[in-house]
Amino acid sequence: MNDHYLKKLDRVTAILTQLQSKPVVRAQDLAEKFDVSIRTIYRDVKTLENAGIPIVGEAGNGYSLMDGYKLPPIMFTKEEVLSFITAEKLMQKFSHQSLGNHYQAAMERMYIFTRIIPTLQNN
C-alpha cells in the first residue's frame, strides 16, 4: 500500500474525529494541522461526504456534523485496516461467491471503514 494512501486514510479519519469532538472545524485549521493545502481538505471532506457522513459546511464558518449524528467509537490500527483491504481483495479474487457475500455483510457492519476505504481507493 503506498504512503500517500495511508496518509490520506489517517488524515480523513482524524478529520472525522475532529468533527465529532468540536462543534465547528475550519478547513484552514485542518490544513495547517496536517500540513496540506485547503484544497486537499476540501477533497478529504468530500471523501467523507461520499462515504455517507452528513457534513454541514458554511462558507467562512467551517464544517460540522449534522445535529444528532454520532458514530460509535471504532478504533483500528493502520495494520488492521490494511488487513481488511487485503482480505477484501483476496475474497474477491479467490473465494466462492456465497463466502464473499458473508464477508461483505460483515464488512458492512463496520460502517465507517466500509464507506471510507472504497472512496479513498477511487481517488
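Excluded from the calculations below are hydrogen atoms, water molecules and symmetry mates; all remaining heavy atoms, backbone and side chain alike, are included.
- For the pair L9 and K78, the minimum side-chain heavy-atom distance is 4.5 Å or more.
- Applying the side chain to side chain donor-acceptor pair (under 3.5 Å) test to T17 and every residue at least two apart in sequence or in another chain returns nothing.
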All N/O donor-acceptor pairs, side-chain side in residues 53-63, below 3.5 Å, sequence neighbours left out:
residue : atom : partner : partner atom : Å
E58     : OE1  : N61     : ND2          : 3.2

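- Atom CG of L48 sits about 8.0 Å away from atom OG1 of T13, to the nearest 0.5 Å.
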(request) Using the side chain to side chain contact (heavy atoms under 4.5 Å, CB included) rule, take T40 and K8 through it: C-alpha gap first, then chi angles, then the decisive distance, then the call. (result) CA-CA 9 Å; T40 296; K8 183 168 183 169; over 6 Å; no
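- Every residue was checked against the side chain to side chain donor-acceptor pair (under 3.5 Å) condition with E49, not counting sequence neighbours, and none meets it.
- Under a hydrophobic-cluster definition in which Ile, Leu, Val, Met, Phe, Trp and Tyr are linked whenever side-chain heavy atoms come within less than 4.5 Å, directly or via other members, V45 and I38 are assigned to the same cluster.
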Indicate every side-chain donor-acceptor pair of residues 28-36 with a distance under 3.5 Å to a residue at least two apart or in another chain.
residue : atom : partner : partner atom : Å
Q28     : NE2  : E32     : OE2          : 2.8
D29     : OD1  : R26     : NH2          : 3.2
D29     : OD2  : R26     : NE           : 3.1

(request) In sequence, state the C-alpha distance, the side-chain angles, and the governing distance for V25 and I15, and then conclude on side chain to side chain contact (heavy atoms under 4.5 Å, CB included). (result) CA-CA 9 Å; V25 179; I15 290 169; 6.0 Å; no
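- Looking at T86 and S83, their side chains never bring a donor and an acceptor atom within 3.5 Å of each other.
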